[in-house]
Amino acid sequence: MDTQAALATLGVNPDAMTAQQKQDLDENGYFVIENALTPEQCKRMAAEVDRIAMLEGENAGNEVSQEPGSLRISNIFNKSDVFDELLVIKPLLSASRYLLGDFKVHGANIREPRKGHGKQPLHSDSVMYEDGTWALVNALICFDDMTLDNGPTRVVPGSHKWGPLNVPGENAADYHKRSHAQPHRWAVEGDNIADHVAESPLSGDVSRAPTDPFAPFDGEVKVTVPAGSVVVTNAHIWHSGTLKHTDERRRQLHLSYTRRDLPQQLVQRNYLTPQFNARLGEPMRYLLDVQ
């Protein structure tokens with residue numbers, strides 16, 4: 001089994017990503033799939049998010065990360081079969097093949113900010129390699145509407161092409177390990193992100209870096225989409241969560257894929273349950289890297 005064979009078995013052909021989606025991914029760093037999920041699917045998955053959140057309480061998300069003011073849940077596929085169908089979103093798999101070549105699941109985490117929270121510094125989830133190749137694709141799978149008031153994700157179209165810029169803290173660490181440099185600390189509100197960038201021997205044009213990573217950035221787009229949409233991103237694009245102003249629900253799954261030679265965020269084989277394993281065919285075991 002290899003990536004090409006796995007995708008072919010799953011019915012992911014070259015037409016799974018349209019020409020327009022490919023163009024948007026190349027130029028802007030993201031594209032949107034509307035109506036990827038039915039209202040019934042969204043309702044079922046949102047209810048399962050609430051069930052797991054209540055069950056896990058303050059421990060929710062501790063397999064990967066927890067965020068003050070936001071609900072996070074990790075390792076979701078081993079906790080419920082409701083989310084299994086999200087592993088076969090064909091345009092997402094096609095985009096991952098296009099950007100990464102041979103790839104595997106990287107992580108799968110629920111995130112929902114609470115009212116008055118959700119604001120993050122502008123950042124990227126990974127950095128472009130020096131040869132211009134990519135490490136990560138991330139999809140925002142929306143079980144609720146993402147509106148201007150409930151903390152939408154903001155993105156800076158085209159910023160994925162700007163090289164190793166604006167990658168403070170934990171995201172820079174892996175890149176800098178590969179280059180024998182020191183990782184940076186995370187930016188916090190009030191920091192000048194150019195100071196973080198200037199520390200890096202691999203930085204590109206520092207003049208692009210925002211003075212305040214929490215402030216609006218020229219050309220940014222706040223992504224608003226209806227429930228059932230999937231926002232597929234080149235995870236090297238600059239983005240962040242924004243402040244949630246209402247109690248309106250905004251349950252969302254961040255499903256990411258990485259190159260096959262890179263580590264997973266959550267090592268799937270370390271968490272694989274007999275129940276989840278029994279539900280998997282060979283192609284999906286390959287893409288999860290649990291075969």
Side-chain angles (χ1 to χ4, degrees), residues 1-42 44-45 76-77 81-109 125-126 128 132-143 146 153 155 157-158 160-161 223 225-237 239 252-262 264-265 268 276 279-291:
M1 181 63 65
D2 58 22
T3 300
Q4 184 173 344
L7 295 185
T9 304
L10 294 170
V12 181
N13 57 45
D15 296 329
M17 180 171 55
T18 68
Q20 185 62 58
Q21 288 170 340
K22 181 179 177 182
Q23 180 178 338
D24 289 343
L25 191 60
D26 286 338
E27 295 180 2
N28 298 324
Y30 73 101
F31 66 85
V32 177
I33 314 167
E34 292 191 358
N35 302 312
L37 303 177
T38 66
E40 292 74 20
Q41 287 175 305
C42 290
R44 188 168 64 250
M45 292 180 189
I76 62 165
F77 298 116
D81 61 359
V82 167
F83 305 106
D84 287 3
E85 54 208 286
L86 302 180
L87 289 167
V88 289
I89 299 173
K90 292 181 180 180
L92 170 57
L93 294 173
S94 181
S96 299
R97 174 66 167 166
Y98 174 63
L99 290 181
L100 305 174
D102 292 326
F103 69 92
K104 61 188 174 185
V105 170
H106 174 255
N109 305 284
D125 288 339
S126 188
M128 182 193 300
T133 56
W134 312 109
L136 200 63
V137 169
N138 194 19
L140 314 180
I141 303 175
C142 302
F143 306 141
M146 185 159 62
T153 300
V155 300
H160 59 298
K161 304 174 185 177
V223 181
V225 293
S229 300
V230 176
V231 185
V232 179
T233 74
N234 179 328
H236 304 245
I237 195 174
H239 65 281
Q252 198 173 90
L253 171 64
H254 297 182
L255 177 58
S256 55
Y257 293 90
T258 191
R259 278 175 26 176
R260 201 152 185 94
D261 60 332
L262 296 177
Q264 292 174 310
Q265 181 187 59
Q268 293 290 329
F276 186 32
R279 301 197 304 268
L280 296 174
E282 185 180 1
M284 200 51 65
R285 286 194 183 95
Y286 181 81
L287 293 180
L288 284 156
D289 197 24
V290 297
Q291 79 279 29

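This one's a predicted model, so the numbers in the text were calculated from it and none came from an experiment. Both backbone and side-chain heavy atoms feed into the values below; hydrogens, waters and symmetry mates do not.
- Rounded to the nearest 0.5 angstrom, T133 OG1 and L99 CG are separated by 10.5 Å.
- Side-chain contact, Y286 with D102: no donor N or O sits under 3.5 Å from an acceptor N or O.
- Under the 30°/60° scheme for interplanar angles, the aromatic rings of F83 and F77 are found to stand perpendicular.
- Note that the CG atom of N138 and the NE2 atom of H239 stand 6.5 Å from one another [nearest 0.5 Å].
- A donor-acceptor contact shorter than 3.5 Å is absent between the side chain of R259 and the backbone of L100.
- In this structure, Q264 contributes its side chain and Q268 its backbone to a donor-acceptor pair below 3.5 Å.
- Around CD of Q4, the count of heavy atoms belonging to other residues, nucleotides or ligands within 6.0 Å does not exceed 12.
- Interatomic distance, L87 CG to L93 CG, rounded to the nearest 0.5 Å: 8.0 Å.
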Inset, instruction - Show your working on side-chain contact (heavy atoms from CB on, under 4.5 Å) between Q23 and N28 and close with a plain yes or no. - result: CA-CA 8 Å; Q23 180 178 338; N28 298 324; over 6 Å; no
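- Distance alone, capped at 3.5 Å, places no donor-acceptor pair between the S126 side chain and the A135 backbone.
- The structure places CZ of R44 at 10.5 Å from CZ of F143, a figure rounded to the nearest 0.5 Å.
- Under the 4.5 Å side-chain criterion, counting only non-hydrogen atoms from C-beta, R97 is not in contact with V12.
- With contacts defined as side-chain heavy-atom distances shorter than 4.5 Å, the pair L255/L140 does not qualify.
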Inset, instruction - Apply the test side-chain contact (heavy atoms from CB on, under 4.5 Å) to residues V32 and V232: give CA-CA distance (whole Å), side-chain angles for both, the deciding distance (0.1 Å), then the verdict. - result: CA-CA 6 Å; V32 177; V232 179; over 6 Å; no
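- Residues meeting the ring-ring contact (aromatic ring centres under 6.0 Å, His included) test with Y257, sequence neighbours left out: F103.
- One N or O on the side chain of Q21 and one on the backbone of T18 form a donor-acceptor pair closer than 3.5 Å.
- Using modelled atom types and a 3.5 Å distance limit, the side chains of Q291 and E282 yield no donor-acceptor pair.
- Inter-residue side-chain proximity for L136 and L262 is flagged as unmet; no heavy-atom pair is nearer than 4.5 Å.
- You'll find the side chain of D84 reaches within 4.5 Å of the side chain of R279, heavy atoms only.
- Between the side chain of S94 and the main chain of K90, no donor-acceptor pair closer than 3.5 Å is present.
- Using a 3.5 Å distance cut-off with no hydrogens or angles, the side chains of H106 and T258 do not pair a donor with an acceptor.
- With hydrogens and angles disregarded, a donor-acceptor distance shorter than 3.5 Å links the side chain of T9 to the backbone of A5.
- Atom OG in S96 sits 13.5 Å away from atom NZ in K104 (nearest 0.5 Å).
- Under the 4.5 Å side-chain criterion, counting only non-hydrogen atoms from C-beta, M284 is in contact with L10.
- The closest donor-acceptor contact from the side chain of N234 to the backbone of H236 lies under 3.5 Å.
- A distance of 4.5 Å separates CD of Q265 from CG of N109, quoted to the nearest 0.5 Å.
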